Amino acid sequence: MSAPAPTLSDAEIRELVLALLESPEEIAIVQAGHPVLRQQAKDFTGQLSDAELQAFLDLMRAVMHAAPGVGLAAPQLGIPLRIAVLEDQWPIPEEVAAERHREPLPYFAVVNPVYHGLGEELAPFYEGCLSVHGLQAVVARHQRVQLDWTSPEGETRSEEFSGWQARIVQHETDHLGGTLYVDKAVTRSLTFNPEYAEYWAAPGIDGARKGLGF
């Protein structure tokens, strides 16, 4: 359950974005506990000019790459707008890719996205979040989803995603409604990254299920 939409005005949101764009310091990713991550972000309705929006998306992509991650939502930079960037080009072992149905996801940006699960199949795998640093947990996500969104250029888009791409879509869109992956996680699977790497970094989760008892 998310908190009400933020009370910031459109002008105040724009000022926050401009401050990020003008900051000479490294941009920090907001961590769990910050109220912006638990709010319903505002629809993007032109709070930024076309040039400002593109500059903000470029910044988001750069922060995502530096983290590194495969997606970043505007609230993760403290901006309560329904905007996110997604991209998964990281090389992974063939066995892992096959088990997790993980294929490269070319970069794209979404404005005001909404997803709908397709079918009944769920895929449980470990996932993490740049705003919940150092932890991972198993989340059962829709294996297939339909995503409806607006492009930064104002075009209406709709596309189906499956496998790991669908997981990224769901994770980032959830951020815009004030939901973190831990809200949907199997809490008994929760593990710190070093323990995950040592014990549970298999392509699937059968070993973790047995070892951690979930």
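Numbering of residues begins at 1 and proceeds along the displayed sequence. As the structure is a computational prediction, the values presented were derived from the model and not from experiment.
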Quiz item: If we ignore angles and hydrogens, is there a donor and acceptor under 3.5 Å between the side chains of Glu127 and His171?
Solution: yes

Quiz item: Would you find more than 12 non-hydrogen atoms of other residues, nucleotides or ligands less than 6.0 Å from Arg157 atom CZ?
Solution: yes

Exercise. Decide side chain to side chain contact (heavy atoms under 4.5 Å, CB included) for Leu122 and Arg141; before the verdict, give the C-alpha distance in whole Å, the side-chain angles of both, and the deciding distance to 0.1 Å.
Key: CA-CA 5 Å; Leu122 299 178; Arg141 298 275 190 186; over 6 Å; no

Quiz item: Does any donor atom in the side chain of Gln170 or Asp174 lie under 3.5 Å from an acceptor atom in the other side chain?
Solution: no

Quiz item: Parallel, tilted or perpendicular: which fits the ring planes of Phe108 and Phe161, with parallel below 30° and perpendicular above 60°?
Solution: parallel

Quiz item: Is it the case that one hydrophobic cluster holds both Leu8 and Leu48, taking links as side-chain heavy atoms less than 4.5 Å apart, direct or via other members?
Solution: yes

Quiz item: Mind checking whether Phe44 and Ile13 have side chains closer than 4.5 Å, heavy atoms only?
Solution: no

Self-check item: Residues, nucleotides or ligands: over 12 heavy atoms within 6.0 Å of Glu94 CD
Solution: no

Quiz item: With a cut-off of 6.0 Å (strictly less than), are more than 12 heavy atoms of other residues, nucleotides or ligands near CZ of Phe192?
Solution: no

Quiz prompt | From CA spacing to verdict: side chain to side chain contact (heavy atoms under 4.5 Å, CB included), Asp183, Arg38 | solution = CA-CA 11 Å; Asp183 301 328; Arg38 291 312 196 171; 2.5 Å; yes

Practice problem: Provide the closest heavy-atom pair for Gln40 versus Gly177 in the form atom of the first, atom of the second, distance. | Solution: OE1-CA, 3.6 Å

Self-check item: Polar side-chain atom of Gln47 near backbone of Thr45 as donor-acceptor pair, under 3.5 Å
Solution: yes

Quiz item: In terms of side-chain heavy atoms, does Ser151 have a donor or acceptor partner in Glu153 at a distance below 3.5 Å?
Solution: yes

Quiz item: Quick one: does Gln89's side chain have a donor or acceptor within less than 3.5 Å of a partner on Pro104's backbone?
Solution: no

Quiz item: Looking only at atom types and distance, does a side-chain atom of Arg167 sit under 3.5 Å from a main-chain N or O of Ala123, one as donor and one as acceptor?
Solution: yes

Practice problem: Evaluate the side chain to side chain contact (heavy atoms under 4.5 Å, CB included) criterion for residues Val70 and Arg102: first the C-alpha distance (whole Å), next the side-chain angles of each, then the deciding distance (0.1 Å), finally the verdict. | Solution: CA-CA 12 Å; Val70 295; Arg102 185 169 178 175; 4.0 Å; yes

Exercise. Inspect the surroundings of CD in Glu95 and state if more than 12 heavy atoms from other residues, nucleotides or ligands are less than 6.0 Å away.
Key: no

Quiz item: So, does Thr173 use its side chain to make a donor-acceptor pair with the main chain of Tyr115 at under 3.5 Å?
Solution: no

Quiz item: Applying side chain to side chain donor-acceptor pair (under 3.5 Å), which residue pairs with at least one partner in residues 60-69 are found, sequence neighbours left out?
Solution: Arg61-Glu87, His65-Glu87

Quiz item: Looking at Ile29, Leu86, Ile83, which one forms a side-chain contact (heavy atoms from CB on, under 4.5 Å) with Leu72?
Solution: Ile29

Exercise. List in chain and number order the residues that pass salt bridge (charged side-chain N to carboxylate O under 4.0 Å, His left out) with Arg144, two or more places apart in sequence or in another chain; answer none if no residue qualifies.
Key: Glu160

Quiz item: Quick check: does any side chain N or O of Arg100 sit under 3.5 Å from a backbone N or O of Pro203, one acting as donor and the other as acceptor?
Solution: yes

Quiz prompt | With sequence neighbours excluded, residues passing ring pair (Phe, Tyr, Trp, His ring centres under 6.0 Å) with Tyr199 | solution = none

Quiz item: Does the pair Leu180 and His175 meet the rule for a side chain to side chain contact (heavy atoms under 4.5 Å, CB included), with working shown?
Solution: CA-CA 6 Å; Leu180 297 175; His175 269 301; 3.4 Å; yes

Exercise. Using a 4.5 Å cut-off on heavy atoms from C-beta on, say whether the side chain of Asp10 contacts that of Lys42.
Key: yes

Practice problem: For side chain to side chain donor-acceptor pair (under 3.5 Å), just list the numbers for Gln54 and Asp50, CA-CA rounded to whole Å, side-chain angles, deciding distance to a tenth of an Å, and then say yes or no. | Solution: CA-CA 6 Å; Gln54 187 57 58; Asp50 291 347; over 6 Å; no

Practice problem: For the pair Lys184 (side chain) and Thr179 (backbone), establish whether a donor and an acceptor sit closer than 3.5 Å, ignoring hydrogens and angles. | Solution: no

Quiz item: Is there a side-chain contact between Pro124 and Ile205, using heavy atoms and a 4.5 Å cut-off?
Solution: yes

Quiz item: Do side-chain atoms of Glu99 reach the backbone of Val96 as a donor and acceptor pair under 3.5 angstrom?
Solution: no

